[in-house]
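These notes are about the structure you will find just below.
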There are 2 protein chains.
Amino acid sequence: MTSLSIAEAAERTGLTAHTLRYYERDGLMLRSVERASSGHRRYTDDDLRWIQMVTRLRATGMPIRDVRRYAALVREGDGNEAERLDLLLAHRELVERQLAEVTSHLRAIDHKIALYEHQVSPAS
Amino acid sequence: MTSLSIAEAAERTGLTAHTLRYYERDGLMLRSVERASSGHRRYTDDDLRWIQMVTRLRATGMPIRDVRRYAALVREGDGNEAERLDLLLAHRELVERQLAEVTSHLRAIDHKIALYEHQVSPAS
DNA sequence: GAACTCCTTCGAGCGCGCTCCAAGTCAAGC
DNA sequence: GCTTGACTTGGAGCGCGCTCGAAGGAGTTC
């Protein structure tokens with residue numbers, strides 16, 4: 001079991017140390033990160049795995065407050081799996097709708113691009 | 001050629017009147033929207049078409065400042081089509097990368113969902 | 001002509017998600 | 001013992017994209 005400083009954890013997760021501290025004080029972590037005798041944070045593999053999940057939720061657009069709710073459910077422990085599932089299913093639904101919308105707007109933009117491409121280096 | 005009040009334009013575009021005014025004063029429109037003798041804005045079909053393009057750029061995540069740049073190029077008139085094309089191509093590239101990233105994170109979340117689904121109503 | 005509705009401008013405010021700063025602590029190296 | 005560097009906390013600040021409020025004007029309805 002490795003145990004990383006905040007700088008190392010930042011590097012591994014792609015977040016900044018600032019953000020890691022912010023996530024912790026904002027209730028996004030499952031529990032307070034352990035401390036060395038110096039008071040410095042020590043991130044475990046479990047912490048990193050959880051941060052990866054948080055990153056996935058965030059990268060797919062889940063608001064901080066919903067990640068916090070999800071974290072609270074996981075923190076509570078066994079028994080609320082159905083609630084966690086609901087939350088994730090609702091999120092997936094939303095993300096899929098957004099993907100479809102962005103894709104459709106992108107196709108429209110593609111048409112515009114095609115027009116400009118024709119204009120900039122016309123075949124005729 | 002129809003000509004709409006700001007409330008009607010808001011309804012057609014799905015934006016709020018507040019946002020339409022904001023876009024105009026922030027330089028996202030191609031020109032100042034025409035006014036009735038009362039001073040009220042009158043949106044033309046051209047205005048609506050442009051707003052639709054702006055909406056597409058925004059919906060695909062283009063920052064306001066880049067939309068403003070694009071609007072400035074279009075406003076300048078003929079001769080900078082290559083620049084406009086560059087801008088749109090760069091945007092498309094970015095959006096496609098983001099779509100891929102979101103999709104990949106979503107797949108990972110799907111695995112989590114599958115685990116919970118199994119747990120909540122197990123086959124065994 | 002009073003009330004009502006729809007609009008105007010200017011500027012402040014807000015929610016989100018960080019991002020940064022100041023002042024201090026601790027451990028290691030010289 | 002002093003310096004250096006990585007860390008700590010609390011709280012302020014910021015960039016983005018709206019969003020809203022106040023005060024007022026124009027036009028219609030009764």
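Every chain is numbered from 1 and lettered A, B, ... according to where its sequence line falls, protein lines coming before strand lines.
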Starting from [atom2] on [N], measure out to [atom1] on [X] and report it in whole angstrom.
{"X": "B/Arg68", "N": "D/dC18", "atom1": "CZ", "atom2": "C1'", "value": "13 Å"}
{"X": "A/His18", "N": "C/dA22", "atom1": "NE2", "atom2": "P", "value": "12 Å"}
{"X": "B/Leu4", "N": "C/dC6", "atom1": "CG", "atom2": "P", "value": "16 Å"}
{"X": "B/Leu20", "N": "C/dC6", "atom1": "CG", "atom2": "C1'", "value": "15 Å"}
{"X": "B/Arg35", "N": "D/dG25", "atom1": "CZ", "atom2": "C1'", "value": "13 Å"}
{"X": "A/Asp26", "N": "D/dG11", "atom1": "CG", "atom2": "C1'", "value": "14 Å"}
{"X": "A/His40", "N": "C/dT25", "atom1": "NE2", "atom2": "C1'", "value": "7 Å"}
{"X": "B/Tyr22", "N": "C/dC14", "atom1": "OH", "atom2": "P", "value": "18 Å"}

Describe the nucleic acid contact of B/Arg42 in one word from base, sugar-phosphate, nothing, applying a heavy-atom distance below 4.0 Å.
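Contact class for B/Arg42: none.
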
With heavy atoms under 4.0 Å as the rule, sort A/Ala7 into base, sugar-phosphate or nothing.
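It contacts sugar-phosphate atoms only.
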
For A/Trp50 against A/Met29, the heavy-atom pair lying closest together:
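Closest approach of A/Trp50 to A/Met29, heavy atoms only: NE1-CA, 3.7 Å.
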
When you check the phosphate oxygens OP1 and OP2 of [N], does a side-chain N or O of [X] lie under 4.0 Å from one of them?
{"X": "B/Arg41", "N": "C/dT9", "answer": "yes"}
{"X": "B/Arg21", "N": "C/dT8", "answer": "yes"}
{"X": "B/Thr16", "N": "D/dC20", "answer": "no"}
{"X": "A/Tyr23", "N": "C/dG17", "answer": "no"}
{"X": "B/Arg58", "N": "D/dG17", "answer": "yes"}

Toward the 5' end of DNA chain C, which comes first, B/Arg25 or B/Ser5, by nearest nucleotide?
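Result of the comparison: B/Ser5.
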
Could you tell me whether B/Asp110 and B/Arg107 have a side-chain N and a carboxylate O separated by less than 4.0 Å?
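No, no charged N to carboxylate O under 4.0 Å.
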
Evaluate the criterion side chain to side chain contact (heavy atoms under 4.5 Å, CB included) for residue pair B/Val102 and B/His105; output intermediate values, then yes/no.
CA-CA 5 Å; B/Val102 169; B/His105 282 302; 5.8 Å; no

Any side-chain heavy-atom pair from A/Glu34 and A/Asp47 closer than 4.5 angstrom?
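A side-chain contact under 4.5 Å is absent here.
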
In terms of the nearest nucleotide of DNA chain D, which residue is placed more toward the 5' end: B/Ser38 or B/Arg65?
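Per heavy-atom nearest nucleotide, the more 5' residue is B/Arg65.
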
Cluster link A/Val74 to A/Ile64, ILVMFWY, side chain under 4.5 Å
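The answer is yes; both residues are in one hydrophobic cluster.
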
